[in-house]
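Naming: A, B, ... by sequence-line order, numbering from 1 per chain. Only this structure's heavy atoms are used, side chains among them; waters, hydrogens and symmetry mates stay out.
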There are 2 protein chains.
Amino acid sequence: MPADPSSPHPPSIKDVARRANASTTTVSRVLSQPDAVRPDLRQRVQQAIAELGYRPNLAARRLRQQRASLIGLIVSDIRNPFFTDISRAVEDMAYRHGLRLILCNSDEDPAKEQSYLELMADEQASGVILSPTPELTRRFRADQHPFPVVLVDRAPDDTPTDLVLLDNAHAARRLTEHLLDQGCRRIALLAGSRSSTGRERQAGYEAALRERGLAPQVLPLRPTADEGQAAAAPLLATDPAERPDALLATNGLLLLGAWKAIRAAGLTMPTDIALAGFDNNDWTTLPEPAVTVLAQPTADIGRSAAELLLQRMAEPARPPRRIVLEGTLMVRGSSARQV
Amino acid sequence: MPADPSSPHPPSIKDVARRANASTTTVSRVLSQPDAVRPDLRQRVQQAIAELGYRPNLAARRLRQQRASLIGLIVSDIRNPFFTDISRAVEDMAYRHGLRLILCNSDEDPAKEQSYLELMADEQASGVILSPTPELTRRFRADQHPFPVVLVDRAPDDTPTDLVLLDNAHAARRLTEHLLDQGCRRIALLAGSRSSTGRERQAGYEAALRERGLAPQVLPLRPTADEGQAAAAPLLATDPAERPDALLATNGLLLLGAWKAIRAAGLTMPTDIALAGFDNNDWTTLPEPAVTVLAQPTADIGRSAAELLLQRMAEPARPPRRIVLEGTLMVRGSSARQV
DNA sequence: TTGAAAGCGATACCAC
DNA sequence: GTGGTATCGCTTTCAA
């Protein structure tokens, strides 16, 4: 990667043209559609590019083309391994298609989310993959943005949009039925967040219980470990014949809180109480017994979102598509009751 | 934030100038140095900007200025909470100074790291904060990049560079002396990575032991949990009179591996064996007893790095500065021996 | 197949 | 204090 150290400024397309004894138009063509240039000329240009260490000025290109070959990924919590895994998959796809990826962390803050969406607009991004805050899901409209948007993990109320998510209702139902099969009868749900995702998980849980004639017990909470622990603790302090014989958490943080409450109460899993929840986070294999979870297909989700975005970029008028994926139930000691 | 829906293209500075009955020069000045424009004119322009929902075209601005008000943060592992915390601090500073932040994850892969550095060059970034891969630390030279670089967490061999890191030797010494104070005499070190950080931590450990006339026992490892566990397991299987009475891990992943090995061996902490290590990761408070760690001042590190970068951007010729910060020893049950 | 020239939208210089 | 104009580096007509 040589660079001419005598020249104070980086080489421009003009320098390349001069050196290759060609026009800037030709140089530009060699870069974008090499087959349209005769081999010998093309080679001269390519050599000049290599010799000068020329790199196209992206700002100039964008100014001219009115768009950047750049996509954004705005996640609601970068520390959540769920999103880290997704970002890896998206990055792969983007790289393979010669698109740059900008990673942004909205931190569940609608203001930050808004500011990042404006950033992407200012940068003339070609597209955005977004896990919206619950607030945004309520007022999201795809046509409000100057670029295609693919939503991930959370669905807006009804607007048709390109979307990738887990079959949340079914996943919650599978977890619930697993607990029922283990003999649990008083399953309490730690329900975190009013997002579509949260509501669907709750619906799946309630449906499974109703089918067996059992009453749901739902604790609506903010999705933090502390809140989960605080809510679970009093439940566990009640009479063993009355208290829940299983806790089900709708996300990883609440699951952690529930686990801590169970430990603090000195109860044994799964005999005193069973535990299960969403997201196959690393910590879930640490405790003894390990915690039963429903693992989301994060790589699939990321890849699907990237594909959806590329398709829409290629064909803006296409009707929106919704991709629903299944998770994997990972049964571990916290719920696997000995027969 | 109104936008004229009748105009097919976003408003440019010309549209604003026309509407405010001013020149584009004046509009530009209102944006960059408002005080240089007379109040009444300024207000007219600002109103026109608001009415049109004008946003400056960043590509045009960059093309003209030959630099973007944008900084990059390239971390070696986005899943490591250490870096997530740092990124939050950097983001705050950047936001407060009107700089955009691009977050990149090199994943400890020198090729990806290189590609992101090229990205930042292509984007004409004003500066970059970087936690270099060990490979890069060996050949890093600040003047090889077209923007100022501040390194974080890992130091190159000798090149003078703006740099923020933990006082690793002292931190390792504190952990070691703590273990010694608890009565441990055979402290084995799980040493991860050949980076400067790793080497300094090892040096601090060795110095502390030598001062008390004890022999170091170092296991050089790749920094993964699996490797840590695999290396610790055979150590723990030996005769209780011979085996280590403490394990010290130089990073969070090795610490986790060591903890798993201890659990698998059925040993009790801290009586059978004590455990301590670096990085106050969430999981360390999960086990019973919780794990003693040296917490890094992540927010401080991020803030210091951002400040250093801003200073260098303002004064490129300034001699490089190196900021060394102290960590916090958090003594928990895994090492706190009852007297 | 190739090249000359216009123009993307902003800023910087230089007159006034 | 204000405005005209050249210019940043590239792509895109359009004509040869």
Task: Presence of salt bridge, A:Glu123 and B:Arg62, under 4.0 angstrom - done: yes
Open item on the list: Closest-nucleotide mapping onto DNA chain C: is A:Val37 or B:Pro56 further toward the 5' terminus? I mean the 5' end.
Closed with: A:Val37
Open item on the list: Whether B:Thr26 contacts D:dT2 is assessed here as follows: a side-chain N or O lying under 4.0 Å from the phosphate OP1 or OP2. Is that the case?
Closed with: no
Task: Divergence of helical axes at both termini of the helix from C:dT1-D:dA16 to C:dC16-D:dG1 - five pairs an end, 10° steps - done: 30°
TODO: Heavy atoms of chain B, cut-off under 4.0 Å: which first and last nucleotide of DNA chain C, 5' to 3', fall inside that, if you could look?
DONE: C:dG9 to C:dC13
Task: Presence of salt bridge, B:Glu135 and B:Arg139, under 4.0 angstrom - done: yes
Open item on the list: Check A:Asp143 with A:Arg141, please: is the shortest side-chain N to carboxylate O separation under 4.0 Å?
Closed with: yes
Open item on the list: How long is the straight-line distance from CG of A:Leu103 back to CD1 of A:Ile71, given to the nearest 0.5 Å?
Closed with: 11.0 Å
Task: Among B:Glu51, B:Arg44, B:Gln43, the one residue meeting side-chain hydrogen bond (donor to acceptor under 3.5 Å, both in side chains) with B:Gln47 - done: B:Glu51
Task: Short N-O contact, B:Asp162 and B:Arg322, less than 4.0 angstrom - done: no
Open item on the list: Between A:Asp300 and A:Arg303, does any NZ, NE, NH1 or NH2 come within less than 4.0 Å of an OD or OE carboxylate oxygen?
Closed with: yes
Task: Length of the line joining A:Ile13:CD1 and D:dT11:P, which is rounded to integer Å - done: 5 Å
Open item on the list: Please list, in numerical order, the residues of residues 58-68 of chain A that have a heavy atom closer than 4.0 Å to any atom of DNA chain C.
Closed with: A:Leu63, A:Arg64, A:Gln66
Open item on the list: Tell me the interatomic distance from B:Asp122, atom CG, to D:dG9, atom P, rounded to whole angstroms.
Closed with: 14 Å
